[in-house]
Amino acid sequence: MVNLKAVFANHLKGISLKIARLFLLLSLLSWLFYTPTGLAQQGQQQGPVYIVQEGDTLWEIASRFRVSVEDLQLANNITNANQLAVGDQLVIPGLDGVEGVLTTRQLGYGENLLSLTRNYDIHVETLVRLNRLISPAELYSNSVLILPDASQTISNTQRTLLAPGQSLLELAALHRTNPWTIVNTNDLPATWGALPGDVLLTNSLQGSENGSAAPGALPSEIREVQLNPGRLQQGKAAVLTIVSRDELQLEGSFMDHDLHFFPDGNGQYIALQGVHALAEPGIYPLDLQITLEGEMPFEFSQMVRVAAVDYPYDEPLNVNPTTIDPAVTKPEDAQWAELTAPASPERYWSGIFSIPSPFSREYCLETGECWSSRYGNRRSYNGSPYNFFHTGLDIVGKTGTEIYAAAPGVVVFAGPLTVRGNATVIDHGWGVYTAYMHQSEILVTQGDRVEAGQLIGLIGDTGRVEGPHLHWEVWAGGVQVDPLDWLTEEFP
Ligand SMILES: [Zn+2]
């Protein structure tokens, strides 16, 4: 108000009282309208505004925007750091040239620097500076970015793929728009700045197809991409779901495995891929190739974070030396991996798996008494380093205890092996398998169609064991995953 008074006084000198009154009114009005509801009402500091979210603390906000708590307090006249309330608007100091309302958002799979700049109409340099980005690898799926508020996304646009051999002029003509509008909307240097395979924003008469979480770097036929970060962990089965109203051919790869996508009949294409229990935590590229009918394949790659799981270390184990001799284990492991590598297009299972023993699932989950060893435990055999892990769930039982199929499927292996003993493998489709080891008796043969709960064998102590039990494995995308997840959660 100090400045207003000064300006008011200056104007009073030379201008008629009538104009001065109008000016005062306008000033007061603008002051009223531009006053944020929260803490940033002093207006001493210029800069973008951040709206306080649930769970935010002043320290956390300061660290996110890399300003000191003191500067943040000073800019917003905050005397008590605990007075922060959800919905408060904080001015963020030190971000010259950045305006508007900022928020933080988890980046989905299917977005990149270009799609973000186009969707929010923000320059690449601003986005890079705002997030202190050093490399595009930092834009991994589920990374948290500082972005303009969702209300600032470009409206009435749709994603359009610049086809190979197509010029921007042709694209503009096709969409009845001016090529320079496309250049401006997409932050291109000129009409030659767009490359084939580029996903551009064009005007849409049907209204906006974009949202702040749309996979903006993918062709518009891809409506949504789901990739649950909770399953991107050692020993978990990741589920990648791609939603499209159009017929697609999808291929992809992740952590040295080809992804196998299957349509669910409701416009969703689903791939299940296990993350190895001993995989190094970090970021890995997830490559995707999307082919729409009659078009060239569209390729996309984005980093995805894989988290560690704190699996315990078992006491060192002593077993028959033959069962850890690489001359024996290597060919058997290769045979085992080969059995579980194909992804059959028919999905036989639905819902959660049933426990493959006479115990009730509820009793076992509640007490944990039904398993003698869980999946993922780090292991040492006969004094070796801890570079083994427990590949399944050990279910307690005596020789002769019944074994049931955990889900419907087709038996793809039933026979004796050195390490695994008498073993059975069931294919449930879509690259999902269950395996049953150390049996005293196998009661099915290869090619049998089995139902969930069907008797398939008897518990025993054949192979690399210290006593009778059922070692039960679940495979997804050629990788052993935690069977307990499949007893408690529905996949996909
Ligand atoms: Zn086991």
Side-chain angles (χ1 to χ4, degrees), residues 234-237 274 276-278 309 311-325 328-330 332-333 335-337 339-340 353-359 361 364-365 367-382 384-406 413-426 432-442 456-476 478-488:
Q234 293 174 330
K236 306 281 165 184
H276 200 281
L278 300 177
V309 173
Y311 292 114
Y313 284 76
D314 276 350
E315 290 290 318
L317 291 161
N318 286 310
V319 293
N320 176 351
T322 320
T323 61
I324 55 161
D325 179 0
V328 173
T329 58
K330 279 211 168 161
E332 196 180 303
D333 288 348
Q335 182 188 357
W336 202 241
L339 278 169
T340 51
F353 284 10
S354 57
I355 186 160
S357 81
F359 295 117
R361 190 174 58 88
C364 292
L365 291 172
T367 62
E369 283 172 17
C370 311
W371 16 90
S372 48
S373 181
R374 291 169 62 158
Y375 169 93
N377 290 15
R378 306 313 191 203
R379 282 188 168 179
S380 148
Y381 288 107
N382 298 1
S384 79
Y386 275 88
N387 47 16
F388 293 89
F389 76 100
H390 190 222
T391 55
L393 181 68
D394 284 353
I395 298 171
V396 175
K398 297 191 198 102
T399 296
T401 305
E402 294 185 337
I403 300 171
Y404 314 126
F413 180 85
L417 294 168
T418 308
V419 180
R420 291 159 180 85
N422 291 327
T424 302
V425 179
I426 301 173
V432 175
Y433 294 82
T434 52
Y436 309 77
M437 287 149 62
H438 314 308
Q439 301 173 69
S440 58
E441 249 186 278
I442 298 172
I456 57 163
L458 303 175
I459 285 180
D461 60 356
T462 55
R464 186 171 68 193
V465 287
E466 288 184 320
H469 71 277
L470 170 66
H471 173 95
W472 181 50
E473 290 183 356
V474 177
W475 289 70
V479 175
Q480 289 121 325
V481 292
D482 191 345
L484 268 181
D485 292 344
W486 296 71
L487 292 178
T488 51

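Any value given below was found using the heavy atoms of this structure, including those in side chains, with hydrogens, waters and symmetry copies removed. All residue numbers in this chain count up from 1 along the given sequence. This one's a predicted model, so the numbers in the text were calculated from it and none came from an experiment. Each ligand, and each atom within it, is numbered from 1 in the order the structure gives.
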Quiz item: Taking the six-membered ring for Trp, are W472 and Y436 parallel (under 30°), tilted (30 to 60°) or perpendicular (over 60°)?
Solution: tilted

Quiz prompt | Aromatic contact, W475 with Y433 (centres under 6.0 Å) | solution = no

Quiz item: Closer than 2.8 Å to the Zn ion (ligand 1), do we get an N, O or S atom from H469, backbone or side chain?
Solution: no

Self-check item: Atom of H390 nearest the Zn ion (ligand 1) (restricted to N/O/S, atom name only)
Solution: NE2

Exercise. State whether H438 contributes an N/O/S atom found under 2.8 Å from the Zn ion (ligand 1).
Key: no

Quiz item: Hey, are R420 and D333 close enough for a salt bridge, meaning a charged N less than 4.0 Å from a carboxylate O?
Solution: yes

Exercise. Provide the atom name of the closest N, O or S atom of D394 relative to the Zn ion (ligand 1).
Key: OD1

Quiz item: Restricting to N, O or S atoms of H471, which is nearest to the Zn ion (ligand 1)?
Solution: ND1

Self-check item: Passing option when H390 is tested against H471, R378, R374 for side-chain hydrogen bond (donor to acceptor under 3.5 Å, both in side chains)
Solution: H471

Quiz item: Do the two ring centres, one from Y386 and one from Y313, sit under 6.0 Å apart?
Solution: yes

